[in-house]
S.K.: 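Quick one: the structure is below, questions incoming.
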Amino acid sequence: MQEKEKGRRDFMGMALGACAAVGGVGALYAAKRTWDPLPSVKAAGFTTIDLSGAQENVLVVEKWRGKPIFVLKKSEDMQADDRDIVIGTARYHVSIGLCTHLGCIPAYEKEQHKFKCACHGGEFDASGHQIFGPPPSPLEIPPFKIDGTKLVLGETGPEYQKMLDAGLTV
Amino acid sequence: MAHFEKAKNLNEWLDQRLAINTLKRVLNTEYWIPKDINFLWAMGMVLAATFGILVLSGIFLLMYYKPDTNLAFDSVNYTIMSEVGYGWLWRHIHGVGASIVFLIIYIHMFTGIYYGSYKKGRELIWLSGMALFVAFSAEAFSGYMLPWGQMSYWAGMVITNLFSGGSLEAYGLVEWIRGDYVPGDAFLTRFFMLHVFLIPLVIIGLIVLHFGTLRIPHVNNQEGAEIDFKEAADLWKSGKKKESKVIPFSPVFLSKDVFVMGVYFILFFYLVFYNFNFAMDPVNFDPADGLKTPAHIYPEWYFLWSYEILRPFGKDAGLIAFGIAQLALFFLPFIDRSPNVAPAHKRGLFQVWFWVLLVDMIVLTAMGKLPPTDPTFAWIGLVSAWTFLALGPILFIITMFEKKIEKGA
Ligand code: FES
């Protein structure tokens with residue numbers, strides 16, 4: 001009698017525990033998903049930039065996912081780099097315009113062909129490599145796909161995949 | 001059901017149903033406080049009062065604030081500041097309160113360290129207090145976002161970037177926290193929720209816990225003397241008030257608390273009315289702009305010391321150092337091996353350690369505010385960051401050799 005009673009209580013306890021665990025995990029998952037970016041936010045995560053109008057050595061700042069995007073058409077005398085996006089004969093430097101140190105926006109210095117971050121004096125060359133100061137890594141290249149003379153940001157094209165594989169950006 | 005007599009007055013009526021007389025006794029008239037404590041022990045009540053003022057002023061701000069990236073800036077800087085009657089008053093009280101509360105927290109914390117109030121038996125007081133410090137930090141940070149000015153935006157950007165985990169590149173986590181690729185609407189509304197509901201709730205719970213942890217080990221005293229509270233309380237109750245080492249919390253000790261609070265609130269309202277600007281960053285009076293960074297980004301003064309510990313190191317080492325700095329103080333009761341519960345000035349090397357810690361944190365704070373371009377200052381920053389990190393192990397070693405102080409010596 002008493003044994004039976006105890007067995008019944010144990011069973012109730014375990015059943016309660018199992019239900020609570022399932023419910024708890026479910027609730028946590030729902031809570032996690034609630035904090036995910038909304039579909040509308042994600043859908044707005046693509047931007048198309050037309051490169052045909054770019055002028056040499058003039059920095060254009062576009063906006064993608066709320067972040068500034070640097071587009072710089074390189075002139076003949078500027079050094080070529082593996083990170084350049086080549087369309088036809090033109091070479092472009094495209095990167096997310098946030099310093100890899102603490103996220104300030106560097107300014108472009110035309111004559112010296114370099115980006116200078118006023119925050120802590122970090123410097124990047126025209127290909128986005130860090131050449132001075134605290135920044136730990138080169139300016140990041142956003143995922144892109146080449147579409148004629150246009151660049152679709154937010155989509156991973158073969159050229160971008162190649163850069164990723166070669167470890168040229170993260 | 002229990003038996004109820006007809007009550008003669010409201011007090012009796014309530015007492016029969018809620019036992020309010022017992023409650024009063026336990027929490028007030030027979031909650032014993034050592035006589036030998038100075039004004040620094042009033043900081044707890046000062047903090048409680050300041051928290052109350054922050055809640056009240058917050059309620060009034062909440063009535064006109066709009067958690068929307070397009071409206072937030074104007075709802076604070078235009079609607080509340082110039083349209084709402086006395087809106088400026090609530091904002092200044094809230095702003096000054098948010099800043100000054102940290103000054104009092106730091107005083108409260110360093111008082112605890114100086115007098116060894118975190119030691120054996122009182123570990124939970126210290127731990128719950130540190131948890132409160134963390135909760136207040138989260139509360140302050142989330143509140144700082146709400147006016148959606150330039151500093152709000154960029155502080156949000158930089159601080160959430162910390163969660164990218166250095167070389168681990170955990171960008172998914174950062175985007176999950178923000179609900180967007182950059183701080184945006186989703187970010188603002190969730191920080192609004194945290195600031196006005198969830199974190200305050202946690203803070204209130206922790207305050208109750210913090211008070212609860214005091215009940216059994218009792219509050220420490222200036223000499224760190226062990227008091228037989230039962231014996232001392234009996235003396236007091238039998239009328240031998242002079243001989244007793246304790247006084248009841250209410251009304252006797254509370255009157256001292258109230259006096260200290262009175263002095264404090266003179267300072268507080270002087271700041272609110274004549275010097276509110278110290279708590280307001282001028283950069284935050286520009287609306288948030290994701291395509292333009294302020295010349296240099298720094299947090300409010302009370303976070304500067306830990307920000308400075310992050311800064312002189314590289315990305316990963318900086319994150320680790322920063323993490324250690326956040327957690328180090330939690331472990332104080334377990335790092336300090338000394339058997340003495342005594343004020344620092346009686347503990348030899350510990351006193352030196354205490355002042356080095358205090359000065360180091362002040363130096364870190366000063367360096368954190370300066371633009372880090374000057375090499376001399378960067379160097380001072382690095383040295384003081386290392387000093388902070390080294391102080392933990394040093395404490396462990398020096399207190400291991402600390403001799404037991406003979407009482408009465
Ligand atoms: S953020 Fe650019 S150098 Fe620090």
Side-chain angles (χ1 to χ4, degrees), chain A residues 28-29 31-47 59-71 96-107 115-123 130 132-138 140 142-143 153-154 164 167 169-170, chain B residues 69 153-162 164 166-187 189-190 193-194 288-299 307 310-319 370-375 377-378 381:
Chain A
L28 273 183
Y29 178 71
K32 190 261 167 201
R33 290 279 287 112
T34 303
W35 275 46
D36 276 343
L38 302 177
S40 56
V41 168
K42 281 193 184 150
F46 300 95
T47 305
L59 183 74
V60 181
V61 182
E62 302 274 351
K63 198 171 175 180
W64 167 72
R65 293 186 179 176
K67 295 174 185 167
I69 298 295
F70 289 164
V71 178
I96 299 178
L98 295 175
C99 179
T100 49
H101 179 224
L102 285 178
C104 298
I105 303 175
F115 296 96
K116 200 166 161 55
C117 178
C119 292
H120 319 110
E123 286 178 13
Q130 76 277 25
F132 180 78
S137 51
E140 273 170 41
L153 298 183
L164 263 189
T169 185
V170 287
Chain B
T69 48
Y153 181 92
W154 287 99
M157 184 81 138
V158 170
I159 298 298
T160 45
N161 263 340
L162 291 180
S164 63
S167 308
L168 296 177
E169 312 283 6
Y171 290 116
L173 181 62
V174 177
E175 277 157 18
W176 181 71
I177 291 171
R178 291 177 186 157
D180 202 336
Y181 303 107
V182 287
D185 235 0
F187 181 85
T189 44
R190 71 186 51 171
M193 177 282 290
L194 289 173
D289 183 350
L291 295 185
K292 208 175 88 205
T293 28
H296 109 255
I297 302 175
Y298 47 80
Y307 178 65
L310 164 83
R311 224 169 39 171
F313 302 108
K315 210 172 181 182
D316 291 331
L319 267 184
L370 294 167
T373 33
D374 186 307
F377 290 139

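Small disclaimer: the values here were computed from a predicted structure and weren't measured. Throughout, a chain's letter reflects where its sequence line sits, starting with A, and its residues are numbered from 1.
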S.K.: How far does CE of B/M157 sit from NZ of A/K67, to the nearest 0.5 angstrom?
M.R.: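 If I round to the nearest 0.5 Å, the distance is 6.5 Å.
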S.K.: With only heavy atoms counted, which part of B/I297 is less than 4.5 Å from chain A, the side chain, the backbone, both or neither?
M.R.: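 Answer is side chain: those atoms of B/I297 sit under 4.5 Å from chain A.
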S.K.: Is it the backbone or the side chain of B/Y153 that comes under 4.5 Å from a heavy atom of chain A, or both, or neither?
M.R.: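 Side chain only.
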S.K.: My understanding is that only residues two or more places apart in sequence, or in another chain, count here; which of them pass ring pair (Phe, Tyr, Trp, His ring centres under 6.0 Å) with B/W176?
M.R.: A/W35
S.K.: Where on B/P183 is there a heavy atom nearer than 4.5 Å to chain A: the side chain, the backbone, both, or neither?
M.R.: neither
S.K.: Write down the atom of A/P68, the atom of B/G290, and the distance for their closest heavy-atom approach.
M.R.: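 Where A/P68 meets B/G290 most closely, the heavy atoms are CD-O, 3.8 Å.
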S.K.: Within a reach of under 6.0 Å around CZ of A/F46, are more than 12 heavy atoms found that belong to other residues, nucleotides or ligands?
M.R.: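 More than 12 within 6.0 Å, yes.
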S.K.: Quick one: CG on A/D36 to CG on B/D180, what's the gap to the nearest 0.5 Å?
M.R.: 12.0 Å
S.K.: When rounded to the nearest 0.5 angstrom, what is the spacing between CG in B/N161 and CG in A/L98?
M.R.: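 Going from CG on B/N161 over to CG on A/L98, the span is 8.0 Å.
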S.K.: Does B/Y298 have any ring pair (Phe, Tyr, Trp, His ring centres under 6.0 Å) partners at least two apart in sequence or in another chain, and if so, which?
M.R.: B/H296
